[in-house]
K.L.:
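The structure follows.
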Amino acid sequence: MCFGSYTDGNQELFPCEVCGRRFAADVLERHGPICRKLFNKKRKPFNSLKQRLQGTDIPTVGKEPQSKPQPVRKSNWRQHHEDFINAMQSAKQCTLAIKEGRPLPPPPPPTVNPDYIQCPYCKRRFNETAASRHINFCKDQESRRVFDPAQTAARLASRAQ
């Protein structure tokens, strides 16, 4: 930006040292201190949510405290890679057996993810968060499925009548 003066019609305009806008000399004297004062202030970021909710009955939602960062789990890419290679080799053996008319070879044994937790009721495996939800659910379902021969006989008798 050029900070020289130039004329606009009849008046000579001078640039502001802070913002670079051009003003007449008498106006620049008033503008200068105001412009310096404004440019020294740090503006707060505008919060549109707060602005929209102002005057309504909706309470403003505060920021949730950030939880501790989850510990980074050790990557088991090598195990995934080996599983993939074994699956590819067994698939090749299957296609070769189909072409030659031989019986199919047994499938590769399933691998168990060590990070998963096994449900004691249904023996399925889940990650930590899903396991905590599922085990409670499965426990409740298991308690409902208690087999009582006397109850079963009573139900059948009541249906027969």
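Nothing fancy with the numbering, it's 1 onward along the sequence. All figures in this text were calculated on a predicted structure; none of them were measured in a lab.
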K.L.:
So for atom CZ, which belongs to Phe46, do other residues, nucleotides or ligands contribute more than 12 heavy atoms lying within a distance under 6.0 Å?
P.N.:
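For Phe46, atom CZ is crowded (more than 12 foreign heavy atoms under 6.0 Å).
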K.L.:
If you take all heavy atoms of Arg125 and Tyr116, which pair is closest and at what distance?
P.N.:
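Result for this residue pair: NH1-O, 3.3 Å.
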K.L.:
Under a 3.5 Å distance rule, please check whether Asn136 uses its side chain to pair with a backbone N or O of Ser132 as donor and acceptor.
P.N.:
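Yes.
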K.L.:
Identify, with sequence neighbours excluded, every residue that meets side-chain contact (heavy atoms from CB on, under 4.5 Å) alongside Ala25.
P.N.:
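Here the qualifying residues are Phe14.
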K.L.:
Indicate the atoms forming the closest heavy-atom contact of Phe126 with His134, along with that distance.
P.N.:
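In terms of heavy atoms, the two residues are closest at CE1-CD2, 3.1 Å.
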K.L.:
Find the distance between CD1 (Ile98) and CD (Gln93) and round it off to the nearest 0.5 Å.
P.N.:
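The distance works out to 12.0 Å.
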K.L.:
Does the pair Arg102 and Leu96 meet the rule for a side chain to side chain contact (heavy atoms under 4.5 Å, CB included), with working shown?
P.N.:
CA-CA 8 Å; Arg102 293 184 286 128; Leu96 186 63; 3.9 Å; yes
K.L.:
Please determine whether side chain to side chain contact (heavy atoms under 4.5 Å, CB included) holds for the pair His31 and Cys19, giving the CA-CA distance in whole Å, both sets of side-chain angles, and the decisive distance to 0.1 Å.
P.N.:
CA-CA 10 Å; His31 169 82; Cys19 66; 3.5 Å; yes
K.L.:
Looking only at the side chains, is there a donor atom on one of Gln51 and Asn47 sitting less than 3.5 Å from an acceptor on the other?
P.N.:
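Note: Gln51 and Asn47 side chains miss the donor-acceptor criterion.
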K.L.:
To the nearest 0.5 Å, tell me how far Asn113 CG sits from Asn127 CG.
P.N.:
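Here the rounded value is 9.5 Å.
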K.L.:
Give, for atom CD of Glu142 and atom CZ of Phe137, the distance between the pair rounded to the nearest 0.5 Å.
P.N.:
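Those atoms lie 11.5 Å apart.
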K.L.:
Can you give me the closest heavy-atom contact between Leu13 and Ala24, atom names plus distance?
P.N.:
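Nearest pair, atom of Leu13 first, then Ala24: CD2-N, 3.7 Å.
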K.L.:
State the CG-CG distance between Asn76 and Asp115, to the nearest 0.5 angstrom.
P.N.:
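Interatomic distance, Asn76 CG to Asp115 CG, rounded to 0.5 Å: 6.0 Å.
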K.L.:
Report the residue from Gln79, His80, His81 that forms a side-chain hydrogen bond (donor to acceptor under 3.5 Å, both in side chains) with Asp83.
P.N.:
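For Asp83, the side-chain hydrogen bond (donor to acceptor under 3.5 Å, both in side chains) check succeeds only for Gln79.
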K.L.:
If every non-hydrogen atom of Cys16 is compared with every non-hydrogen atom of Cys35, which pair is closest and at what distance?
P.N.:
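For Cys16 versus Cys35, the nearest heavy atoms are SG-SG, 3.8 Å.
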K.L.:
Any chance you could measure Gln54, atom CD, to Leu49, atom CG, to the nearest 0.5 Å?
P.N.:
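Interatomic distance, Gln54 CD to Leu49 CG, rounded to 0.5 Å: 11.5 Å.
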K.L.:
Looking at every non-hydrogen atom in both residues, tell me the closest pair between Leu28 and Pro15 and how far apart they are.
P.N.:
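Taking every non-hydrogen atom into account, CD2-O, 3.9 Å.
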